[in-house]
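What you see below is based on every heavy atom in this structure, not just the backbone, and it leaves out hydrogens, waters and symmetry mates. As the structure is a computational prediction, the values presented were derived from the model and not from experiment.
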Amino acid sequence: MIILTSIFAYKKVQFAIRMSPYVIFGGLVLFVRFKNKKKTRKRLDKRTEHMMKNTPKDKDGKYPWEKSKRSITMKRSVRPCFILLMNTFCKRILV
């Protein structure tokens with residue numbers, strides 16, 4: 001019984017020794033990612049604020065990208081073709 005216990009204890013210590021560098025390195029990576037994410041977000045906010053302040057507005061108080069009334073829509077001819085293609089594909093799979 002003592003021999004069996006010592007084998008299990010040795011295996012657990014060996015496992016802990018092998019896993020500890022991975023756990024430490026993983027924690028360090030997560031910490032560095034968190035710090036860089038915070039710094040990047042602050043820098044992005046500062047640059048956005050600067051851009052908004054220095055971009056000229058028109059007489060209505062709108063920015064250049066707010067002027068366009070063009071909206072992106074899918075052409076009507078594309079949609080039926082896509083549905084027909086999907087129906088054909090599904091029939092082949094189900095048969």
- prompt: Hey, what do you get for CZ (R33) to NZ (K38), rounding to the nearest 0.5 Å?
  reply: 15.5 Å

- prompt: Counting distance only, does the side-chain N/O of D58 pair as donor-acceptor with the main-chain N or O of D60 below 3.5 Å?
  reply: yes

query: Under 4.5 Å between any side-chain heavy atoms of K35 and K39, yes or no?
result: no

message: So which atom in T48 and which in L44 form the shortest heavy-atom distance, rounded to 0.1 Å?
response: OG1-O, 2.8 Å

query: So among H50, E49, M51, which one has a side-chain contact (heavy atoms from CB on, under 4.5 Å) with K53?
result: E49

- request: Could you tell me which residues satisfy side-chain contact (heavy atoms from CB on, under 4.5 Å) with D45, sequence neighbours excluded, listed by chain and number?
  value: R41

